[in-house]
Undergrad: 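A single structure is presented below for examination.
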Amino acid sequence: MAYDETGRIAPVDTSSGVPAAVLENVFDDPSHGEPGRDRIAVHVVWEFLLLIGLAAVTWLLWREDADALRDAALKTLLVDVAALGLLTLAAGLSLRAAAVNLAIGPVALAAALHFAEQGDRGVREALLPALVVAALGGLALALAVVVLHVPGWAASLAGAAAVIVYIERRTTPVVVQGGYDPRRTALYLFVGFAAVAVLGGLFGAIKPVRRLVGRFRPVADPARRRGAVAATVTALALIASTVLAVLGGVLIAANGDGPVAPASGLDWSVLAIGTVMLGGTSAYGRRGGIFGTLLAVCAVEVFLAWAVTQDWTISRWAVGGATLGAGLLVTRLVETFGRPRPTPPGGVPAGPSGDGTISTGWALTPSPEPADAWPSVLPVRDTDTVDSWESPRWESEPRRWDAGDR
């Protein structure tokens, strides 16, 4: 019948024998991906646990020093959250694109030093040149990654080395110049970061968007190119992550209590990447949660504020290493429980209720046989027996016709 032919004439993927229309609806990467859709339940459960952890550490901070959550101290904490949040967004964007940018920490510190030196000229005059240089540097990094098709961590580490050379030209801390105080707009900065983090997570949960952003993620030989679309998206992600790192560095400098000290800045990279992985973003790229980044950043900054009330001196390397180690465990959970459900042996991946062309609910299952290969329902004829109707006597005996029989 006519509605059966749509499923039979659909183009078939040669590698799996499944019609391409079904692959398009079932596979996250129709060309190479595993059958099924990514599961989001693991992110929901983990983000609920992060919320509990944030509530617990906030309660500890309030019990030790309630003033840390009021007035000026609260504004400082919100700006710290926004600053680390921008670096975490930069790390998360490059991670989701499967080309992690390790240079975000040195870039942020270089921007902080630049703003400390040039802040007396005004925020716009100091910020615009830094953003232009960051965009150009991100473009150079992106070209190295997508044209040579090399791992993002290796290319960005080379870029980080170049930025550290610029930082090491200063031998003494730099006092922040100018009168810009981000604490006056602390709530707006925090809300802006939270909105971008949550909206980015929501868009990343949409299958076409997630597939597009994470297209650079290798599925077979990692040295094989993933196409022009993957290269373009990854390049944009690297440029955007570098620009976000500059904005985060400006907030770090403006919200600090003292001068900006020259350093490698890689501790900021470790902390940002560890925080975004702690929030549920996979180290392999593509997969990530919705509220995880926001909750993880808040939990880390509140913990650091609580550590100050305990008179603890904790290195940023220590906090970054701890979050990165925990983030690796979260990545394993996300990749294990977030991947598509296994397909039964010999079964076809479960697609939508309809076939994409007919919306009446008919579910078409491709037949392994050709359309005209109908199975035989008649008994097999035995050649050893003679049918009485085909007996030779009917041909040898003369035919009689009796008029009385009529």
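Just so it is clear, the values below take in all heavy atoms, side chains as well, and ignore hydrogens, waters and symmetry mates.
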Undergrad: Once ring-ring contact (aromatic ring centres under 6.0 Å, His included) is applied, what residue pairs with a partner in residues 155-210 remain, sequence neighbours excluded?
TA: none
Undergrad: Do M277 and V330 have side chains that approach each other closer than 4.5 Å (heavy atoms only, starting at C-beta)?
TA: no
Undergrad: Short question: side chain of H114, backbone of A126 - any donor-acceptor pair under 3.5 Å?
TA: yes
Undergrad: Tell me every residue that passes side-chain hydrogen bond (donor to acceptor under 3.5 Å, both in side chains) with D67, counting only those two or more places apart in sequence or in another chain.
TA: R70
Undergrad: Atom CZ in R217, atom CZ in R211: separation rounded to 0.5 Å?
TA: 14.0 Å
Undergrad: Working to the nearest 0.5 Å, report the span between OG1 of T232 and CZ of R215.
TA: 11.0 Å
Undergrad: Minimum heavy-atom separation for V176 to G258, with atom names?
TA: CG2-O, 4.3 Å
Undergrad: Tell me the closest heavy-atom pair linking A99 and V145, and the distance in Å.
TA: CB-CG1, 4.4 Å
Undergrad: Would you tabulate the side-chain donor-acceptor contacts of residues 101-112 under 3.5 Å, counting partners in other chains and residues two or more places apart, or write 'none'?
TA:
| residue | atom | partner | partner atom | Å |
| --- | --- | --- | --- | --- |
| N101 | OD1 | A103 | N | 3.0 |
| N101 | ND2 | S241 | OG | 3.0 |
| N101 | ND2 | T242 | OG1 | 3.4 |

Undergrad: Quick one: pull up CG in L127 and CD in E125 and give me the separation to the nearest 0.5 Å.
TA: 10.0 Å
Undergrad: Is a donor from one side chain sitting under 3.5 angstrom from an acceptor on the other, for S282 and R286?
TA: no
Undergrad: Closest heavy-atom contact between V260 and A116?
TA: CG2-CB, 4.2 Å
Undergrad: So does A91 get a backbone contact from the side chain of S94, meaning a donor-acceptor N/O pair under 3.5 Å?
TA: yes
Undergrad: I'd like a table of donor-acceptor pairs (distance under 3.5 Å, sequence neighbours excluded) in which one partner is a side-chain atom from residues 310-320, with atom names and distances.
TA:
| residue | atom | partner | partner atom | Å |
| --- | --- | --- | --- | --- |
| Q310 | NE2 | E64 | OE1 | 3.4 |
| S315 | OG | W317 | N | 3.1 |
| R316 | NH1 | D267 | OD2 | 2.9 |

Undergrad: Determine whether I167 and S264 make a side-chain contact, defined as any pair of heavy atoms from C-beta on separated by less than 4.5 Å.
TA: no
Undergrad: Can you check whether V100 reaches S156 side chain to side chain, under 4.5 Å on heavy atoms?
TA: no
Undergrad: Checking R225 side chain against V147 main chain: does a donor-acceptor pair fall under 3.5 Å?
TA: yes
Undergrad: What pairs meet the ring-ring contact (aromatic ring centres under 6.0 Å, His included) rule with one or both residues in residues 234-264, with sequence neighbours excluded?
TA: none
Undergrad: Yes or no on side chain to side chain contact (heavy atoms under 4.5 Å, CB included) for L50 and L54, after CA distance, side-chain angles and deciding distance?
TA: CA-CA 6 Å; L50 281 177; L54 174 60; over 6 Å; no
Undergrad: Do E301 side-chain atoms and L77 backbone N/O form a donor-acceptor pair below 3.5 Å?
TA: no
Undergrad: One pair to check against side chain to side chain contact (heavy atoms under 4.5 Å, CB included): L189 and L78. What are the steps and the verdict?
TA: CA-CA 8 Å; L189 292 172; L78 291 179; over 6 Å; no
Undergrad: Show me the pairs that pass salt bridge (charged side-chain N to carboxylate O under 4.0 Å, His left out) and involve residues 243-252, at least two apart or across chains.
TA: none
Undergrad: Is there a side-chain contact between L89 and L93, using heavy atoms and a 4.5 Å cut-off?
TA: no
Undergrad: Verify, without hydrogens or angle tests, whether Q177 (side chain) and V175 (backbone) share a donor-acceptor contact under 3.5 angstrom.
TA: yes
Undergrad: Which residue pairs pass the ring-ring contact (aromatic ring centres under 6.0 Å, His included) test with at least one member in residues 53-102, sequence neighbours excluded?
TA: none
Undergrad: If you define the side chain from C-beta out and look only at heavy atoms, does anything of L202 sit under 4.5 Å from V198?
TA: yes
Undergrad: With E117, which residues qualify under salt bridge (charged side-chain N to carboxylate O under 4.0 Å, His left out), at least two apart?
TA: R170
Undergrad: Once salt bridge (charged side-chain N to carboxylate O under 4.0 Å, His left out) is applied, do any residues pair with D181, and if so which ones, sequence neighbours excluded?
TA: R183
Undergrad: Name all pairs fulfilling the ring-ring contact (aromatic ring centres under 6.0 Å, His included) condition that reach into residues 216-261, sequence neighbours left out, sorted by first residue then second.
TA: H149-F216
Undergrad: Rounded at 0.5 Å granularity, tell me how far CZ in R287 sits from OG1 in T331.
TA: 11.0 Å
Undergrad: Holding to salt bridge (charged side-chain N to carboxylate O under 4.0 Å, His left out), I want the full list of residues that pass it with E168, two or more places apart in sequence or in another chain.
TA: none
Undergrad: With rounding to the nearest 0.5 Å, note down the distance linking CG in L95 to OG1 in T293.
TA: 9.5 Å
Undergrad: What closest approach, in Å, do V270 and G321 show between heavy atoms, and which atom pair accounts for it?
TA: CG1-N, 3.9 Å
Undergrad: So which atom in E47 and which in F291 form the shortest heavy-atom distance, rounded to 0.1 Å?
TA: OE2-N, 3.2 Å
Undergrad: What distance do L295 atom CG and I52 atom CD1 have between them, rounded to the nearest 0.5 Å?
TA: 11.0 Å
Undergrad: Do you know the tightest heavy-atom contact between V246 and A130?
TA: CG1-CB, 4.0 Å
Undergrad: Are the side chains of L87 and L244 in touch, meaning some heavy atoms are under 4.5 Å apart?
TA: no
Undergrad: Any heavy-atom pair between the side chains of V297 and V276 that's under 4.5 Å?
TA: no
Undergrad: Has the side chain of T309 got a donor or acceptor atom that lies under 3.5 Å from a matching backbone atom of W306?
TA: yes
Undergrad: Mind checking salt bridge (charged side-chain N to carboxylate O under 4.0 Å, His left out) for R184 and listing every partner two or more places apart, or none if nothing turns up?
TA: none
Undergrad: Contact between L60 and F303 at the side-chain level, heavy atoms closer than 4.5 Å - yes or no?
TA: no
